[in-house]
Amino acid sequence: MAAASLTLAERRERQQRHDAERTAHLAEREHLLSPRRDNTELEAIAHEAEARFGPPETTSAEVLAWVAETFGLRTAVACSMADAVLPAVVAEHIDWVDTLFLDTGYHFSETLGTRDAVEASMRLTIVDVLPLQTVAEQDAEHGAELHRREPALCCQMRKVEPLTRTLAGYEAWITGVRRDEGPTRADTPWVTWDAKNGLVKINALASWTFDEVLDYARDHDIIVNPLVNDGYPSIGCAPCTRRVAPGEDPRAGRWAGFDKTECGLHT
């Protein structure tokens, strides 16, 4: 039944059922986790998988079935909330998977709204990843609008360090990095060893195109950030993201005016 056709009482009942299922999962979660393997074992697993999933005919479904069997709930999904396609695809294999949202303090209101809608409606567990300092505390120490003067330092403090700290409890993390996003991502593998964070990294949509992501969202009624249809194919923090003109690189709107194309999470 489509959401629009439900009565208020039916929507309320569905939401209560969804919240109860999440609560039950969280109560049982610790019993479903096996002890974390050491980095030597995880690195060996990553290299074996990188060779296994090298052929061009590899699919996301094949990779994610392996992830579910190998890591289970020791897996985290990183989601920027440009859309919910990545966590939706992963959740088909790992129910209530932890979905990490980097809450930098600088997001568009549309991004925060997307995050809330995803948490309220999908069978996944949102984990807000927070910097050590609030924006006000960072401004007091480094001066206002650090992102306009030293964007790399701002990204390090508000994205990279918080994510590294949060990932320490997992064995694998899944990203939405795609090969079509630009030259720096053209050779993105399905699976690799992330030495910086000490865990296996899976790029579950590596071979997908931007249009395929939008088509999948439409065909499966998956939430998409409204900014995507307003000229923002790649969405980051509001002060550092602009609209992209037709024909431009999808990431051209990120850190415009700076010699910077990555925040540091994937480099």
Should [X] and [Y] be counted in the same cluster of Ile, Leu, Val, Met, Phe, Trp and Tyr side chains packed under 4.5 Å apart?
{"X": "Ile94", "Y": "Val191", "value": "yes"}
{"X": "Leu227", "Y": "Val213", "value": "no"}
{"X": "Leu86", "Y": "Val228", "value": "no"}
{"X": "Val127", "Y": "Leu102", "value": "yes"}

Just by modelled atom types, is the [Y] backbone N or O under 3.5 Å from a matching donor or acceptor in the [X] side chain?
{"X": "Thr241", "Y": "Ala238", "value": "no"}
{"X": "Arg74", "Y": "Gly169", "value": "yes"}
{"X": "Thr99", "Y": "Val77", "value": "no"}
{"X": "Asp83", "Y": "Leu214", "value": "no"}
{"X": "Asn203", "Y": "Ala206", "value": "no"}

[X] versus [Y], closest heavy-atom pair with distance:
{"X": "Pro87", "Y": "Leu124", "answer": "CB-CD2, 3.4 Å"}
{"X": "Leu130", "Y": "Pro162", "answer": "O-CB, 3.6 Å"}
{"X": "Val85", "Y": "Ile222", "answer": "N-CG2, 3.7 Å"}
{"X": "Leu199", "Y": "Arg36", "answer": "CB-NH2, 4.0 Å"}
{"X": "Val160", "Y": "Lys196", "answer": "CG1-NZ, 4.5 Å"}
{"X": "Cys79", "Y": "Phe101", "answer": "O-CD1, 3.7 Å"}

Sequence neighbours excluded, the answer for salt bridge (charged side-chain N to carboxylate O under 4.0 Å, His left out) partners of Arg37 is Glu171
Does any non-hydrogen side-chain atom of [Y] lie less than 4.5 Å from one of [X]?
{"X": "His147", "Y": "Glu145", "value": "yes"}
{"X": "Arg165", "Y": "Leu132", "value": "yes"}
{"X": "Asp103", "Y": "His107", "value": "yes"}
{"X": "Phe108", "Y": "Thr114", "value": "no"}
{"X": "Asp19", "Y": "Arg22", "value": "yes"}
{"X": "His142", "Y": "Glu150", "value": "no"}
{"X": "Leu100", "Y": "Trp173", "value": "no"}
{"X": "Tyr106", "Y": "Cys154", "value": "yes"}

If I take atom [atom1] from residue [X] and atom [atom2] from residue [Y], how far apart are they, to the nearest 0.5 angstrom?
{"X": "Asp211", "Y": "Asp180", "atom1": "CG", "atom2": "CG", "value": "8.5 Å"}
{"X": "His18", "Y": "Thr23", "atom1": "NE2", "atom2": "OG1", "value": "9.5 Å"}
{"X": "Ile235", "Y": "Glu110", "atom1": "CD1", "atom2": "CD", "value": "8.5 Å"}
{"X": "Leu64", "Y": "Thr70", "atom1": "CG", "atom2": "OG1", "value": "11.0 Å"}
{"X": "Glu50", "Y": "Ile202", "atom1": "CD", "atom2": "CD1", "value": "11.5 Å"}
{"X": "Thr59", "Y": "Trp208", "atom1": "OG1", "atom2": "CH2", "value": "10.0 Å"}

Between Asn39 and Trp193, does a side-chain contact (heavy atoms from CB on, under 4.5 Å) hold up when you go through it step by step?
CA-CA 10 Å; Asn39 285 9; Trp193 171 243; 4.1 Å; yes
Going by side-chain hydrogen bond (donor to acceptor under 3.5 Å, both in side chains), name the pairs with one or both residues in residues 84-97, residues two or more places apart or in two chains.
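Every side-chain hydrogen bond (donor to acceptor under 3.5 Å, both in side chains) pair that includes a residue of residues 84-97, provided the two are not neighbours, is Glu92-Tyr216, Asp95-Arg123.
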With distance as the sole criterion, is a donor-acceptor pair present between the side chains of Glu21 and His25 under 3.5 Å?
no
Using only heavy-atom distances, determine whether the side chains of Tyr170 and Asp98 contain a donor-acceptor pair under 3.5 Å.
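Tyr170 vs Asp98: donor-acceptor pair found between side chains.
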For Leu146 and Arg158: C-alpha separation, side-chain torsions, deciding distance, then whether side-chain contact (heavy atoms from CB on, under 4.5 Å) applies.
CA-CA 11 Å; Leu146 179 65; Arg158 310 205 72 75; over 6 Å; no
Restricting to side-chain contact (heavy atoms from CB on, under 4.5 Å), what partner residues turn up for Thr58, sequence neighbours left out?
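Testing Thr58 for side-chain contact (heavy atoms from CB on, under 4.5 Å), a comparison that skips the adjacent residues, returns Phe53, Pro55, Glu62, Val63, Trp190.
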Let me see the working for Asn225 and Tyr232 under side-chain contact (heavy atoms from CB on, under 4.5 Å), right down to the final yes or no.
CA-CA 9 Å; Asn225 190 319; Tyr232 294 87; over 6 Å; no
Verify the neighbour count for atom CG of Asp187: are there more than 12 heavy atoms of other residues, nucleotides or ligands below 6.0 Å?
no
List the steps, then state whether side-chain contact (heavy atoms from CB on, under 4.5 Å) holds for Asp128 with Arg115.
CA-CA 10 Å; Asp128 290 322; Arg115 175 233 175 271; 2.9 Å; yes
